[in-house]
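To keep things clear, I will list the structure first and then write my remarks on it.
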Amino acid sequence: YPLPPCILFFSAGLCKTRPTDIVFIIDSSRSVRPSEFEQVKVFLAKVIEGLDVGPNATRVGVVNYASRVKNEVSLKTHRTKAGLIKAVTKIEPLSTGTMTGLAIQFALNVAFSEGEGARVKSPDISKVAIIVTDGRPQDNVKDVAQRARDAGIEIFAIGVGRVDMSTLRQMASDSLDDHVDYVESYSVIEKLTKKFKEAFCVSDLCATGDHDCEQVCISSPGSFKCACKDGFTLMDNGRSCSACSNSATDVVFLIDGSKSVRPENFELVKKWINQIVDKLDVSESKAHVGLVQYSSSVRQEFPLGRFNNKKDLKDAVKKMAYMERGTMTGQALHYLTDNSFSASQGARPGVAKVGIVFTDGRSQDYIGDAAKKTKEHGFKMYAVGVGNAVEDELKEIASEPTGEHYFYTADFKAMTQIAKKLQINICQEEDPCECDSLIKFQKKVEEALQRIALLENKIV
């Protein structure tokens with residue numbers, strides 16, 4: 001398998017996995033087409049390629065299941081990456097039902113047994129199961145998954161396509177945010193490769209880029225702290241830097257709540273909003289935030305200035321209900337100009353205005369006039385697109401230079417990276433009147449000093 005850059009990067013020695021027994025539990029029921037099963041095997045191979053495989057390091061097993069369970073690779077069988085990957089390529093789908101609970105029970109009783117190569121339970125050795133499934137189990141998973149977790153097995157659950165999300169949450173370890181993953185199809189499951197290699201390694205977080213420091217990252221074992229360049233101040237969130245600590249800003253999020261986003265991804269969008277909120281200096285006198293959702297119509301979730309602390313603001317974002325209809329981005333942009341940034345909706349006169357537009361698809365109405373109108377009003381506009389979003393539309397919405405104001409990713413999971421990159425730096429312009437007054441004052445002082453000097457000379 002040709003290795004992507006991220007695998008080569010981890011293989012170069014920045015990442016060393018702690019001793020771990022890992023068992024992949026893969027669904028090969030009839031709903032998984034042969035071509036899709038091949039993509040699952042590629043995913044397994046690429047995760048294995050990034051591990052520190054060896055009898056005293058990481059051991060890997062593979063359990064294949066449908067209506068029955070088959071132990072394809074034991075933890076004791078292959079002690080090299082090459083042998084493991086070759087064994088993975090030979091696995092064939094079983095193509096029957098979906099007995100996920102039975103597979104977890106098999107892993108608990110057999111795959112993680114000492115007879116199959118698992119090491120004696122110890123604080124120094126991790127036990128990890130990674131379940132990949134695309135359907136609803138035909139048996140109970142909740143109780144058996146709890147028994148596995150109680151036995152010290154950390155469970156990651158990966159769902160694909162029409163998977164039952166509640167089942168994934170029943171299986172996975174806490175925290176669910178870290179242990180439950182969803183991809184829309186098997187064709188994009190490889191995107192999770194980096195996450196799972198990082199999950200099993202102790203690395204230099206600054207070197208790997210796995211941090212959200214805006215300017216300077218200072219590494220420490222298994223952790224990091226942020227700092228700023230000269231002339232900048234580290235903000236209260238410990239990550240962002242500001243050259244304009246006293247600047248006031250009105251920020252409005254314009255969020256696409258159309259049907260194509262899907263409920264589980266809408267939850268990711270809300271987390272992304274709160275990531276950006278964390279970077280703002282929210283207070284009565286500094287950053288104010290408003291939130292608008294749109295689909296076939298436009299709905300204001302809350303206006304500017306309603307919440308003046310981050311806790312209340314983030315709680316309000318979490319409560320936003322998903323609209324789930326069309327994509328009228330043009331109508332939403334008109335609303336932003338005519339309503340959200342009006343004084344009646346809490347906008348402050350003379351304060352910088354920032355609009356952050358998120359969408360996952362092509363607008364169903366014309367956006368040109370509305371996008372132009374935001375620029376004419378002097379708003380700084382950021383455009384963020386995911387999935388089927390049209391990049392030409394994003395660029396039309398974004399302020400100049402567009403390279404700094406529009407962002408696109410194919411996968412909702414990658415929105416975290418966009419939140420790290422999106423920096424809202426608004427500096428208050430000098431008041432020319434204040435500047436003129438200062439110059440006049442300086443001239444008067446200089447004239448007075450000159451008169452004093454003349455008097456001193458006369459006295460001498």
Side-chain angles (χ1 to χ4, degrees), residues 214 232 235-237 239-256 269-270 272-294 298 300-310 313-314 316-317 320 329 332-359 367 370-385 393-408 415 418-429:
E214 182 180 345
F232 290 82
M235 294 180 66
D236 291 342
N237 60 24
R239 299 183 293 275
S240 305
C241 299
S242 176
C244 323
S245 57
N246 295 318
S247 59
T249 315
D250 285 346
V251 180
V252 175
F253 288 89
L254 205 60
I255 302 300
D256 177 357
V269 173
K270 291 195 281 187
W272 170 79
I273 294 170
N274 280 339
Q275 272 187 283
I276 296 173
V277 168
D278 273 333
K279 296 162 72 170
L280 298 174
D281 192 1
V282 178
S283 69
E284 180 71 39
S285 60
K286 296 181 183 178
H288 286 192
V289 178
L291 178 60
V292 173
Q293 184 184 174
Y294 72 95
V298 182
Q300 178 172 262
E301 301 292 343
F302 53 82
L304 287 161
R306 175 170 293 177
F307 305 105
N308 289 320
N309 66 78
K310 287 183 184 177
L313 180 55
K314 290 168 71 175
V317 171
M320 176 169 57
T329 309
L333 287 167
H334 279 299
Y335 185 92
L336 183 76
T337 303
D338 299 338
N339 295 278
S340 299
F341 284 135
S342 66
S344 63
Q345 294 300 317
R348 293 168 291 178
V351 169
K353 307 289 188 290
V354 177
I356 302 176
V357 181
F358 161 80
T359 182
I367 68 164
K372 184 179 178 183
K373 196 174 176 184
T374 62
K375 314 257 182 40
E376 289 172 349
H377 279 72
F379 306 154
K380 177 174 275 202
M381 298 297 296
Y382 292 87
V384 178
E393 289 187 353
L394 298 177
K395 291 176 183 177
E396 193 168 4
I397 294 167
S399 293
E400 296 287 347
T402 54
E404 296 176 10
H405 294 88
Y406 102 94
F407 304 87
Y408 172 81
M415 289 183 70
I418 291 177
K420 292 176 185 178
K421 293 175 185 175
L422 199 158
Q423 305 295 342
I424 302 172
N425 292 325
I426 300 291
C427 296
Q428 288 178 322
E429 295 181 3

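Keep in mind that what you see is a predicted model, and the values were worked out from it rather than measured. For the single chain, residues carry numbers from 1 onward in sequence order.
Checking Thr329 against Tyr294 by side-chain atom types alone, a donor-acceptor pair falls below 3.5 Å.
Although no hydrogens or angles enter the test, the distance criterion places a donor-acceptor pair under 3.5 Å between the side chain of Lys353 and the main chain of Arg348. Lys310 places a side-chain N or O within 3.5 Å of a backbone atom of Asp278 that can act as its donor or acceptor partner. In terms of modelled atom types and a separation under 3.5 Å, the side chain of Ser399 and the main chain of Met381 share a donor-acceptor contact.
Between Gly346 and Asp250, the closest heavy-atom pair is O-OD2, 4.5 Å.
One finds the CG atom of Leu313 at 4.5 Å from the CZ atom of Phe302 (value rounded to the nearest 0.5 Å). Arg306 contributes atom CZ, which lies 10.5 Å from atom CD of Glu301 (distance to the nearest 0.5 angstrom). Atom OG1 in Thr337 sits 6.0 Å away from atom NE2 in His377 (nearest 0.5 Å). One finds the CD1 atom of Ile356 at 13.0 Å from the CD1 atom of Ile397 (value rounded to the nearest 0.5 Å).
With sequence neighbours left out, the side-chain contact (heavy atoms from CB on, under 4.5 Å) criterion links Lys270 to Phe266, Glu267, Val317, Met320.
When side chains are defined from C-beta on, Ile418 does not count as touching Gln275, because their heavy atoms never get closer than 4.5 Å.
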- Message: The test is side chain to side chain contact (heavy atoms under 4.5 Å, CB included); show your working for Lys375 and Glu400 and say whether it passes.
- Response: CA-CA 9 Å; Lys375 314 257 182 40; Glu400 296 287 347; over 6 Å; no

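Looking at Val277, Val292, Val357, Val354 one by one, the single match for side-chain contact (heavy atoms from CB on, under 4.5 Å) with Phe253 turns out to be Val277.
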